[in-house]
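These numbers come from the heavy atoms of this one structure, side chains and all, not from hydrogens, waters or symmetry mates. Count residues from 1 along the sequence.
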Amino acid sequence: MRTFQSHGDGSFQLKDFSSLGENIIWEDEIKVWHPETISLGNNVYVGHRTLLKGHPKGTLNIGSNTWIGQECFFHSAGNITIGEQVGIGPRVMMLTSTHQDLGKNHILLDAPLDFKPIVVEDHVDIGIGAILLPGVTLGKGAQIGAGSVVTKDVPPFSVVAGNPARVLRHRT
């Protein structure tokens, strides 16, 4: 029989973060795990009910002048780097781990995890409800459509949308 252990309730104190810039706005009901692995730059907004799932194996670095909408979920076991002046819509998810597929004779939940980083370069805009999967890089100035599932790298200054997300056009 499987046993599970709680990761805690997500309560945090600002002194526990790796580093914090100035003028950070924390809305109500934000939960943070492993704040010692999380850094935020200056002028960062974190929306209501956002979950920042730090992890001992990875880091979460959020650049200055970044806006994170309500109810986002970031799991940074494989590292998440968010650049400067990034807009992240409500309910965006960033996931940096997946279970290895060991074939039909194995239970997926019991399989080891693979970790891959997510990189969001400067001036990116991510639409509401988008999902970023492990190992993707969003190039500078990219725009991600609402509800998109990003499974591969996005070139700089491109507009992508869909599931899986595909390039619709390049911004000039």
Side-chain angles (χ1 to χ4, degrees), residues 1-100 107-138 142 144 146-151:
M1 181 163 150
R2 297 177 65 100
T3 60
F4 296 96
Q5 180 179 351
S6 172
H7 292 201
D9 65 4
S11 297
F12 64 95
Q13 294 184 5
L14 296 180
K15 68 177 184 58
D16 295 332
F17 282 78
S18 176
S19 66
L20 291 176
E22 296 178 5
N23 194 34
I24 296 173
I25 297 173
W26 300 95
E27 294 291 2
D28 292 336
E29 300 179 56
I30 293 168
K31 304 281 186 181
V32 178
W33 290 266
H34 295 285
E36 71 278 4
T37 66
I38 300 173
S39 299
L40 286 81
N42 297 320
N43 306 310
V44 173
Y45 171 90
V46 183
H48 300 281
R49 294 175 299 284
T50 288
L51 306 177
L52 301 178
K53 223 28 196 183
H55 195 278
K57 292 185 178 186
T59 59
L60 171 56
N61 296 300
I62 300 170
S64 294
N65 304 305
T66 290
W67 188 91
I68 299 169
Q70 298 76 23
E71 299 180 351
C72 289
F73 176 76
F74 300 168
H75 187 271
S76 62
N79 298 321
I80 296 174
T81 303
I82 299 170
E84 296 191 358
Q85 290 189 314
V86 171
I88 300 171
R91 296 192 174 160
V92 167
M93 290 188 216
M94 296 187 191
L95 310 167
T96 62
S97 64
T98 57
H99 288 277
Q100 296 175 15
I107 298 170
L108 193 58
L109 186 59
D110 293 336
L113 292 173
D114 280 329
F115 301 97
K116 294 181 183 170
I118 291 175
V119 176
V120 178
E121 295 182 354
D122 297 342
H123 312 293
V124 170
D125 183 62
I126 303 172
I128 186 171
I131 299 171
L132 309 183
L133 295 180
V136 300
T137 295
L138 308 184
I144 312 304
S148 296
V149 178
V150 182
T151 61

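Tested against Val120 for a side-chain contact (heavy atoms from CB on, under 4.5 Å), the candidates Ile144, Ile126, Ile62 yield a single pass: Ile126.
A salt bridge (charged side-chain N to carboxylate O under 4.0 Å, His left out) check over residues 26-46, counting only residues at least two apart or in different chains, returns nothing. Annotation: side-chain hydrogen bond (donor to acceptor under 3.5 Å, both in side chains) contacts involving residues 114-124, sequence neighbours excluded, comprise Gln85-His123, Gln100-Asp114.
For the atom pair CG of Asn61 and CD1 of Ile80, the computed distance is 10.0 Å after rounding to the nearest 0.5 Å. Here Ser97 contributes atom OG and His55 contributes atom NE2; the two are 7.0 Å apart, rounded to the nearest 0.5 Å.
Residues that satisfy the side chain to side chain contact (heavy atoms under 4.5 Å, CB included) test with Glu22, not counting sequence neighbours, are Asn42. Listed by chain and number, the residues in a ring pair (Phe, Tyr, Trp, His ring centres under 6.0 Å) with Trp67 are Tyr45 (sequence neighbours excluded). By the side-chain hydrogen bond (donor to acceptor under 3.5 Å, both in side chains) test, Asn79 pairs with Thr59, sequence neighbours left out. Scored by the side chain to side chain contact (heavy atoms under 4.5 Å, CB included) test, Asp16 finds Gln13, Pro35 as partners (sequence neighbours excluded). Evaluation of the side chain to side chain contact (heavy atoms under 4.5 Å, CB included) rule for Asp125 yields Gln143 as partners, not counting sequence neighbours.
Leu14 and Trp26 get closest at one heavy-atom pair: CD2-NE1, 3.4 Å. Contact between Thr37 and Ser18 at its shortest, heavy atoms only, is C-CB, 4.5 Å. Closest of all the heavy-atom pairs between Leu132 and Leu138 is CD1-CD1, 3.8 Å. Taking both residues in full, the closest heavy atoms of Trp33 and Gly8 are given as NE1-O, 3.2 Å, listed atom of the first, atom of the second, then distance.
Counting heavy atoms from C-beta outward, Leu52 and Phe12 have side chains that stay 4.5 Å or more apart. Here the side chains of Asn43 and Ser64 are not in contact, with every heavy-atom distance at 4.5 Å or above. When side chains are defined from C-beta on, Leu40 counts as touching Val46, because their heavy atoms get closer than 4.5 Å. A 4.5 Å side-chain heavy-atom check between Met94 and Ile88 finds at least one atom pair inside the cut-off.
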Review point. For Leu95 and Leu133, what are the C-alpha separation, side-chain angles and deciding distance, and is it a side chain to side chain contact (heavy atoms under 4.5 Å, CB included)?
Key: CA-CA 5 Å; Leu95 310 167; Leu133 295 180; 4.3 Å; yes
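Remark: the backbone N or O of Gly83 is paired with a side-chain donor or acceptor of Thr66 at under 3.5 angstrom. Side-chain N or O atoms of Thr50 include one that pairs as donor or acceptor with a backbone N or O of Gly69 at under 3.5 Å.
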Under 3.5 Å, side-chain donor or acceptor atoms of residues 71-78 against the rest of the protein: list the pairs with distances, not counting sequence neighbours.
from	atom 1	to	atom 2	distance (Å)
Glu71	OE1	Arg91	NE	2.5
Glu71	OE1	Arg91	NH2	2.8
Glu71	OE2	Arg49	NE	2.9
Glu71	OE2	Arg49	NH2	3.3
Ser76	OG	Lys53	O	3.3

